[in-house]
*Asks:* 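Here it is: the structure, laid out below.
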Amino acid sequence: MFSGMLYIFLPLVIGYLIPVHKGSVIEFINVQTSRLVLVILGLMGLSLAGLDNLGQNLSQILTYTTVFFLTISGCNLLALPVIDKLWPTETSQDHRRLPFGKMMMESVKLIFVVAGGLLVGLLSGIELGWVDQASEIILLLLLFLIGIQLRNSGMTLRQILLNKKGITIALVIVATSLPGGVIAAAILGIPLTHGLAMASGFGWYSLAGILMGDGLGPIFGGAAFLNELLRELVALTLIPVVIGRYPSTAIGYAGATAMDFTLPVIQNCGGIRCVPVAIVSGFILSLLVPFLMLFFLSL
């Protein structure tokens, strides 16, 4: 039952065991990881082009995206404000101007990569039987590089264990996202394990879309990608508005991106005290995404 999970998860573990001390090597890995993500998302678009009844399948992708986004976000936002009420976090809003448009475009451009792959597949008429195998090979390499990135992210086990609030926020996101996935699965009439896998993306749109696409095909891959991307775009608009009164809610809703992409927004709008909490919460969720998603996909 776990053979498929181990096959895909092994490169991540191997990568995590490799320490890298040179900044230039880490930068090279970061660049190559970003490039591989773009390649795989382009291949996802090609896979969509190979589907029969494309219009109907795109409608299904949007339906899945809407249902999962509403149920998971709803469950998250019901619980996160409780942390703010019981365990307040001190913030300091200085209202600095943020490159909001640029940050939004960094996310939106990935949609254009998928759309570009779709158009190439539709207009070129090339044979697409090789796409799935190519995606799987690149995925294994990508997971290996992500493992190295996680190992060398600067977070030690001691730092993680000492930040109880970051751990709590991450656990609340996991504990509320999975029921949201169960509710969505019931609404959509899909297997429970598929719903749990979809709910395990925690905002990491590129990896979630890639893993779901590799495990369940381009429909689930496209839905996972759009679901998590929509979460990040909403987080970017939500954080400046709510972090003053509900910092844990803002950090938690950012999910895995709280340690990287949305961290500048959290720091600028919430102050330096929010940074360690956000990094620990985001790191734990990032670590759990491949583990939980691959586990549910293997069942």
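Residue numbers start at 1 and run along the sequence shown.
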*Asks:* Do Pro276 and Val280 have side-chain heavy atoms sitting under 4.5 Å apart?
*Replies:*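 Side-chain contact under 4.5 Å: no.
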*Asks:* For the pair Ser59 (side chain) and Gly55 (backbone), establish whether a donor and an acceptor sit closer than 3.5 Å, ignoring hydrogens and angles.
*Replies:*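 No, because the side chain of Ser59 does not come within donor-acceptor range (under 3.5 Å) of the backbone of Gly55.
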*Asks:* Looking at Val277, is its backbone amide N or carbonyl O close enough to the side chain of Ser281 to form a donor-acceptor pair, meaning the two atoms are under 3.5 Å apart?
*Replies:*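 No; zero donor-acceptor contacts below 3.5 Å.
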*Asks:* Going by distance alone, is a donor N or O of one side chain under 3.5 Å from an acceptor N or O of the other, for Tyr253 and Ser73?
*Replies:*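 Looking only at side-chain atoms, Ser73 and Tyr253 do form a donor-acceptor pair, the distance falling under 3.5 Å.
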*Asks:* With sequence neighbours excluded, tell me which residues meet side chain to side chain contact (heavy atoms under 4.5 Å, CB included) with Pro247.
*Replies:*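 Pro247 satisfies side chain to side chain contact (heavy atoms under 4.5 Å, CB included) with Asp84, Thr89, Thr91, Ile243, Cys274 once adjacent residues are dropped.
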*Asks:* Identify, with sequence neighbours excluded, every residue that meets side chain to side chain contact (heavy atoms under 4.5 Å, CB included) alongside Leu78.
*Replies:*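 With sequence neighbours excluded, Leu78 shows a side chain to side chain contact (heavy atoms under 4.5 Å, CB included) to no residue whatsoever.
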*Asks:* Does the Lys165 side chain pair with the main chain of Ile83, one donor and one acceptor, at a distance under 3.5 Å?
*Replies:*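 Pair absent, no side-chain N/O of Lys165 close to backbone of Ile83.
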*Asks:* Please state whether the rings of Phe68 and Tyr64 are parallel, tilted or perpendicular, taking 30° and 60° as the class boundaries.
*Replies:*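 Answer is perpendicular, since the angle exceeds 60°.
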*Asks:* Using atom types as modelled and distance alone, determine if a side-chain donor or acceptor of Asn152 lies under 3.5 Å from a backbone N or O of Ile148.
*Replies:*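 The answer is yes, because a donor-acceptor pair under 3.5 Å joins these two groups.
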*Asks:* Return each pair, listed once, that meets ring pair (Phe, Tyr, Trp, His ring centres under 6.0 Å) where at least one residue sits in residues 163-196; pairs must be two or more places apart or across chains.
*Replies:*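 Checked against ring pair (Phe, Tyr, Trp, His ring centres under 6.0 Å) - neighbours excluded - the pairs reaching residues 163-196 are His194-Phe220.
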*Asks:* With a 4.5 Å cut-off on side-chain heavy atoms, are Ile61 and Leu48 touching?
*Replies:*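 Result yes, sub-4.5 Å side-chain heavy-atom pair found.
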*Asks:* State the CG-CE distance between Leu118 and Met44, to the nearest 0.5 angstrom.
*Replies:*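 Separation between the atoms: 12.0 Å.
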*Asks:* How is the hydrophobic cluster of Leu86 composed, in terms of its other members, when Ile, Leu, Val, Met, Phe, Trp and Tyr link through side-chain heavy atoms under 4.5 Å apart, directly or indirectly?
*Replies:*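 Its cluster mates, by chain and number, are Val82.
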*Asks:* Would you indicate whether Glu127, at its atom CD, is surrounded by more than 12 heavy atoms from other residues, nucleotides or ligands within a distance under 6.0 Å?
*Replies:*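 Buried by this count: over 12 neighbours within 6.0 Å.
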*Asks:* Quick one: CD1 on Ile72 to CG on Asn227, what's the gap to the nearest 0.5 Å?
*Replies:*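 So the CD1 of Ile72 and the CG of Asn227 are separated by 5.0 Å.
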*Asks:* Determine yes or no for a side-chain-to-main-chain donor-acceptor pair under 3.5 angstrom, with Glu228 supplying the side chain and Gly203 the backbone.
*Replies:*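 Side chain of Glu228 to backbone of Gly203, a donor-acceptor pair under 3.5 Å: yes, one is there.
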*Asks:* Could you tell me whether the side chain of Leu238 reaches within less than 4.5 Å of the side chain of Tyr246, counting heavy atoms only?
*Replies:*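 The answer is no; the side chains never approach within 4.5 Å.
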*Asks:* Would you say Ser177's side chain and Val174's backbone share a donor-acceptor pair under 3.5 angstrom?
*Replies:*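 Pair absent, no side-chain N/O of Ser177 close to backbone of Val174.
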*Asks:* Between Asn76 and Val172, does the side chain to side chain contact (heavy atoms under 4.5 Å, CB included) criterion hold? Intermediate values first, please.
*Replies:* CA-CA 8 Å; Asn76 290 162; Val172 167; over 6 Å; no
*Asks:* Under 3.5 Å, is there a donor-acceptor pair linking the side chains of Arg35 and Asn30?
*Replies:*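 The criterion, which ignores hydrogens and geometry beyond distance, is not satisfied for Asn30 and Arg35.
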*Asks:* Measure the CG-CG distance between Leu140 and Asp214 for me, rounded to the nearest 0.5 Å.
*Replies:*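 Leu140 CG to Asp214 CG: 8.0 Å, rounded to 0.5 Å.
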*Asks:* Can you name the side chain to side chain contact (heavy atoms under 4.5 Å, CB included) partners of Thr66, sequence neighbours left out?
*Replies:*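 Result, side chain to side chain contact (heavy atoms under 4.5 Å, CB included) vs Thr66: Leu70.
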*Asks:* Which value, rounded to the nearest 0.5 Å, describes the distance between Gln32 atom CD and Ile29 atom CD1?
*Replies:*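 Rounded to the nearest 0.5 Å, the CD-CD1 separation comes out at 9.5 Å.
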*Asks:* Is there side-chain contact between Ile173 and Phe202, with at least one heavy-atom pair below 4.5 Å?
*Replies:*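 Yes, at least one pair of side-chain atoms sits under 4.5 Å.
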*Asks:* Just verifying a value: how many Å separate Ser135 OG and Ile40 CD1, rounded to the nearest 0.5 Å?
*Replies:*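 Answer rounded to 0.5 Å: 6.5 Å.
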*Asks:* Could you list the residues that satisfy side chain to side chain contact (heavy atoms under 4.5 Å, CB included) with Ser34, not counting sequence neighbours?
*Replies:*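 In terms of side chain to side chain contact (heavy atoms under 4.5 Å, CB included), with neighbours along the sequence ignored, Ser34 is linked to no residue.
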*Asks:* Nearest 0.5 Å, what's the OG1-CZ distance between Thr33 and Phe28?
*Replies:*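 Spacing of OG1 (Thr33) from CZ (Phe28) equals 9.5 Å.
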